[in-house]
Amino acid sequence: MSIRQELQELSKSNEAVRKFGWSVGGAFLLLWLVFIGPIHFFNEYAKGGHYPALMWIGIALIVLGTIVPALLRPVYILWMAFAFTMGFFMTRVILTIFYFVVLTPVGLFFRLIGRDVLERKPDRQATTYWIDKEYPIADRSRYENFF
């Protein structure tokens, strides 16, 4: 699915924007509390600096999301567009890294030792390539209780 399609299917209701304000605002407040809050309170040189910015952004998001979610809707759409774009690219980056770091060495190792996991080499003496599945239990009661 393309980024444009994901944005068109994005729920823009007041409830979705309200949840966005609460969750992202809460995350900003948590970041401020964990990382910047102690520095701000215990460092006398931090007074008057930009340390409370995360706190004020978090409070603004929570308040706007709760009281007037319509004002927060453009921020929500921009944030989700950024998130969809990051997801689109990072998925491809992670899968590419996985392919070259994990699958390629395993495939090269299997070729080196001559292992054919999928049994793709033709066997001229075989009459069929059908592999019979052997069931460990021939009792039909095993289908009754799966869990």
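For reference, positions follow the sequence shown, starting with 1. Reckoned from all heavy atoms, side chains included, excluding hydrogens, waters and symmetry mates.
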Problem - Gap separating the NZ atom of K19 from the OG atom of S11, nearest 0.5 angstrom - result: 8.5 Å

Completion exercise
Those residues at least two apart in sequence (or on a different chain) that pass salt bridge (Lys or Arg N to Asp or Glu O under 4.0 Å) with D123 are none

Handout entry: Euclidean distance, L61 CG relative to F28 CZ, rounded to 0.5 Å
Key = 6.5 Å

Exercise for the section: Could you please spell out the steps behind the side-chain contact (heavy atoms from CB on, under 4.5 Å) verdict for Y76 and L10? Expected result: CA-CA 10 Å; Y76 168 68; L10 179 67; 3.3 Å; yes

Handout entry: Atom pair CZ (R73) and CG (L78), whose distance is rounded to the nearest 0.5 Å
Key = 13.5 Å

Practice task
State, yes or no, whether a side-chain contact exists between F20 and V75 at a heavy-atom distance under 4.5 Å.
Solution key: yes

Practice task
Mind running side-chain contact (heavy atoms from CB on, under 4.5 Å) on M55 and L33 for me, showing each step along the way?
Solution key: CA-CA 8 Å; M55 177 188 68; L33 271 172; over 6 Å; no

Handout entry: Cluster overlap F82 with W79, hydrophobic side-chain contacts below 4.5 Å
Key = no

Practice task
Could you tell me the separation between the CZ atom of F89 and the OG1 atom of T85, rounded to the nearest 0.5 Å?
Solution key: 7.0 Å

Exercise for the section: Give a yes or no on whether Y129 atom OH has more than 12 heavy-atom contacts from other residues, nucleotides or ligands under 6.0 Å away. Expected result: yes

Problem - Result of checking N14, I67, V17 against L72 for side-chain contact (heavy atoms from CB on, under 4.5 Å) - result: V17

Problem - Hphob cluster co-occupancy, I57 + V34, side-chain heavy atoms under 4.5 angstrom - result: yes

Completion exercise
Residues L7 and M80: closest non-hydrogen pair is CD2-C, 4.3 Å

Exercise for the section: Could you walk me through whether L29 and L54 pass side-chain contact (heavy atoms from CB on, under 4.5 Å), step by step? Expected result: CA-CA 6 Å; L29 282 177; L54 287 177; over 6 Å; no

Exercise for the section: Following the transitive rule for hydrophobic clusters with a side-chain heavy-atom cut-off under 4.5 Å over Ile, Leu, Val, Met, Phe, Trp and Tyr, establish whether I113 and L108 coincide in one cluster. Expected result: no

Practice task
Look at the side-chain heavy atoms of Ile, Leu, Val, Met, Phe, Trp and Tyr, link any pair under 4.5 Å apart, and say whether V93 and V101 land in one connected group.
Solution key: yes

Fill in the blank from the handout: Minimal heavy-atom distance between G87 and T91, with the atoms involved, is O-OG1, 2.6 Å

Problem - Geometric cation-pi criterion R92 and F88, 6.0 Å radius, 45° cone - result: yes

Fill in the blank from the handout: Residues R18 and P69: closest non-hydrogen pair is NH2-CG, 3.6 Å

Exercise for the section: Mind listing the closest non-hydrogen atom pair of W22 and T66 along with its distance? Expected result: NE1-OG1, 2.6 Å

Problem - Qualifying residues under salt bridge (Lys or Arg N to Asp or Glu O under 4.0 Å), relative to E9, sequence neighbours excluded - result: none

Handout entry: Derivation and outcome, side-chain contact (heavy atoms from CB on, under 4.5 Å), residues L95 and Y99
Key = CA-CA 6 Å; L95 286 175; Y99 180 81; over 6 Å; no

